[in-house]
There are 2 protein chains.
Amino acid sequence: MSRTPHHPTREQIELPMVLDCLSDPIRLAIVYQLAQQERVSSELRCSDFSALSGKSNLAYHFAKLRDCGLMQTRVAGTNRFMRLRREDLEARFPGLLDAVLGSAAKDADRLPLLPECELVEVDRK
Amino acid sequence: MSRTPHHPTREQIELPMVLDCLSDPIRLAIVYQLAQQERVSSELRCSDFSALSGKSNLAYHFAKLRDCGLMQTRVAGTNRFMRLRREDLEARFPGLLDAVLGSAAKDADRLPLLPECELVEVDRK
DNA sequence: TCGATAGTTCAATAAACATTGAACATAGGA
DNA sequence: TCCTATGTTCAATGTTTATTGAACTATCGA
């Protein structure tokens, strides 16, 4: 369990996979929450998303988000810290992530899982 | 068959449905080809996409693209003319369509269905 | 060493999806 | 009026997807 999971290289990131990942409401909410948090700290733990779904379902969505290159997981003890791969996304698909996040923000009240994304106070090593 | 099919209003267009539609390679190619064609004429017929798949499969994808609000179908005789709902998309999700189209153009050589989209000469009523 | 915590993996299930061909509907031209 | 061209709809098929709970693994702290 301690092995750090597989991530695609920047060049391996594919547009259809990224769009498909973002089309799921739970995954969009995860990405949105990561983006919100970016202003404060670039990383969040799995448990910070527990409002969105159960543990095993979240693990499933995290794996998809990793596989498509949207986010990166760093293993530290029993925790996994997630962050958006913003630079890689921007390099591959300029403006795409911001357009999606902006659209999501604009529709936050219509996307059921988004409003629950408050900023999480950060004080962890 | 002459009834013009259902289209969502601008306000009914939903982000997850739009992203899901664009995540399919065939539908992305349809949208891409419509966007290419836009410089010349805003409309294309179903049969202009025959390189992408068979008739009935295309009808299936056209229906999805209509349902999510990405394109509009106008019935004229036995033909259907399709066009991108650019203004509506831009109003709902500013910059999104262009970001996706730009990303697709950048990856055109990696998206198998895109290179076959040449400009179609236009001379129809 | 033991127990609690954090998260993954697996198996099972139901729903959604893409694809195909056949049948159908409609309009236009010979 | 009949034939053809254009597209849609339907049924059937196989695949992928999301979701759930249970079992499992690994790490940390008491």
Side-chain angles (χ1 to χ4, degrees), chain A residues 1-7 14 16-31 43-68 70-83 111-113 120 124-125, chain B residues 1-7 14 16-31 34 43-68 70-83 112-113 120 124-125:
Chain A
M1 191 195 191
S2 77
R3 191 76 208 88
T4 131
H6 175 260
H7 296 85
E14 306 263 12
M17 282 186 76
V18 168
L19 294 176
D20 184 51
C21 255
L22 293 170
S23 75
D24 180 274
I26 291 186
R27 288 191 295 262
L28 182 59
I30 292 170
V31 169
E43 292 181 321
L44 282 178
R45 290 179 309 185
C46 297
S47 55
D48 291 323
F49 301 92
S50 59
L52 298 175
S53 187
K55 284 201 316 180
S56 71
N57 187 234
L58 283 178
Y60 165 76
H61 287 299
F62 290 148
K64 291 216 107 180
L65 286 165
R66 266 197 311 271
D67 289 347
C68 84
L70 269 166
M71 69 176 219
Q72 200 176 29
T73 302
R74 176 174 68 88
V75 178
T78 84
N79 293 316
R80 272 111 184 107
F81 288 91
M82 330 287 230
R83 57 168 259 268
L111 298 166
L113 298 169
V120 176
R124 40 182 80 110
K125 69 149 250 215
Chain B
M1 191 195 188
S2 75
R3 191 75 207 91
T4 129
H6 175 260
H7 296 86
E14 306 262 12
M17 282 186 75
V18 168
L19 294 176
D20 185 50
C21 255
L22 293 170
S23 74
D24 180 273
I26 291 186
R27 289 192 294 261
L28 182 59
I30 291 170
V31 168
L34 279 170
E43 291 183 322
L44 283 178
R45 290 179 311 186
C46 297
S47 56
D48 291 324
F49 302 93
S50 59
L52 298 175
S53 187
K55 286 200 315 181
S56 71
N57 187 233
L58 283 178
Y60 165 76
H61 288 299
F62 291 147
K64 292 215 108 180
L65 286 164
R66 266 196 311 271
D67 289 348
C68 84
L70 270 166
M71 70 176 217
Q72 200 175 29
T73 302
R74 176 174 68 87
V75 178
T78 85
N79 293 315
R80 273 116 184 103
F81 289 92
M82 330 288 231
R83 57 168 259 268
L113 297 170
V120 176
R124 39 181 80 109
K125 69 147 251 210

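Below, chain A is the first sequence line, B the second, and so on; all start at residue 1.
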Colleague: Would you mind telling me which residue lines up with the more 5' stretch of DNA chain D, B/Thr73 or A/His61, judged by nearest nucleotide?
Modeller: B/Thr73
Colleague: Does any N or O donor sit under 3.5 Å from an N or O acceptor when you compare the side chain of A/Thr78 with the base of C/dG7?
Modeller: no
Colleague: Just N and O in the side chain of A/Arg27: are any of them under 4.0 Å from OP1 or OP2 of D/dA18?
Modeller: yes
Colleague: Locate the shortest heavy-atom distance separating A/Pro5 from A/Val75; write the atom from each residue and the value.
Modeller: CD-CG2, 4.0 Å
Colleague: Both A/Lys55 and A/Gly77 contact DNA chain D. Which one's nearest nucleotide lies toward the 5' end?
Modeller: A/Lys55
Colleague: Please state how far atom CG in B/Leu113 lies from atom P in C/dA18, giving the value in whole angstrom units.
Modeller: 14 Å
Colleague: Does A/Leu58 reach a base, just sugar-phosphate, or nothing at all? Heavy atoms under 4.0 Å.
Modeller: nothing
Colleague: Given D/dT17, C/dT19, D/dT9, which nucleotide is nearest the side-chain atoms of A/Asp20?
Modeller: D/dT17
Colleague: B/Phe81 CZ to D/dG7 C1': how many Å, rounded?
Modeller: 13 Å
Colleague: Strictly below 4.0 Å: does B/Ser47 bring a side-chain N or O up to OP1 or OP2 of D/dG7?
Modeller: yes
Colleague: Take atom CD of B/Glu43 and atom C1' of D/dT6, then tell me their distance rounded to the nearest Å.
Modeller: 16 Å
Colleague: Using the side-chain heavy atoms of A/Arg80, tell me which of these nucleotides is nearest: C/dG7, D/dT17, D/dT8.
Modeller: C/dG7
Colleague: Taking CG from A/Asp24 and P from C/dC17, how many angstroms apart are they, rounded to a whole number?
Modeller: 12 Å
Colleague: Whole angstrom is fine here: how far is it from CG in A/Asn57 over to P in D/dT17?
Modeller: 14 Å
Colleague: The side chain of B/Lys64 is closest to which nucleotide in this list: C/dA18, C/dT9, D/dT8?
Modeller: C/dA18
Colleague: Would you find a donor on one side and an acceptor on the other, under 3.5 Å apart, between the side chain of A/Asp48 and the backbone of A/Arg45?
Modeller: yes
Colleague: Once you round it to whole Å, what is the distance between P of C/dT9 and OH of A/Tyr60?
Modeller: 14 Å
Colleague: Decide side-chain contact (heavy atoms from CB on, under 4.5 Å) for A/Ile30 and A/Phe62; before the verdict, give the C-alpha distance in whole Å, the side-chain angles of both, and the deciding distance to 0.1 Å.
Modeller: CA-CA 9 Å; A/Ile30 292 170; A/Phe62 290 148; 3.7 Å; yes
Colleague: Hey, is the side chain of B/Asn79 poking within less than 4.0 Å of OP1 or OP2 on D/dG7, counting only N and O atoms?
Modeller: yes
Colleague: Roughly, in whole Å, what's the span from CZ in A/Arg45 to P in D/dT27?
Modeller: 17 Å
Colleague: Using atom CZ of A/Arg74 as one end and atom P of C/dA6 as the other, report the distance to the nearest whole Å.
Modeller: 16 Å
Colleague: Taking B/Cys21's backbone N and O only, do any of them form a donor-acceptor pair with B/Arg27's side chain (distance below 3.5 Å, no angle check)?
Modeller: yes
Colleague: Are any non-hydrogen side-chain atoms of B/Leu28 and B/Leu113 less than 4.5 angstrom apart?
Modeller: no
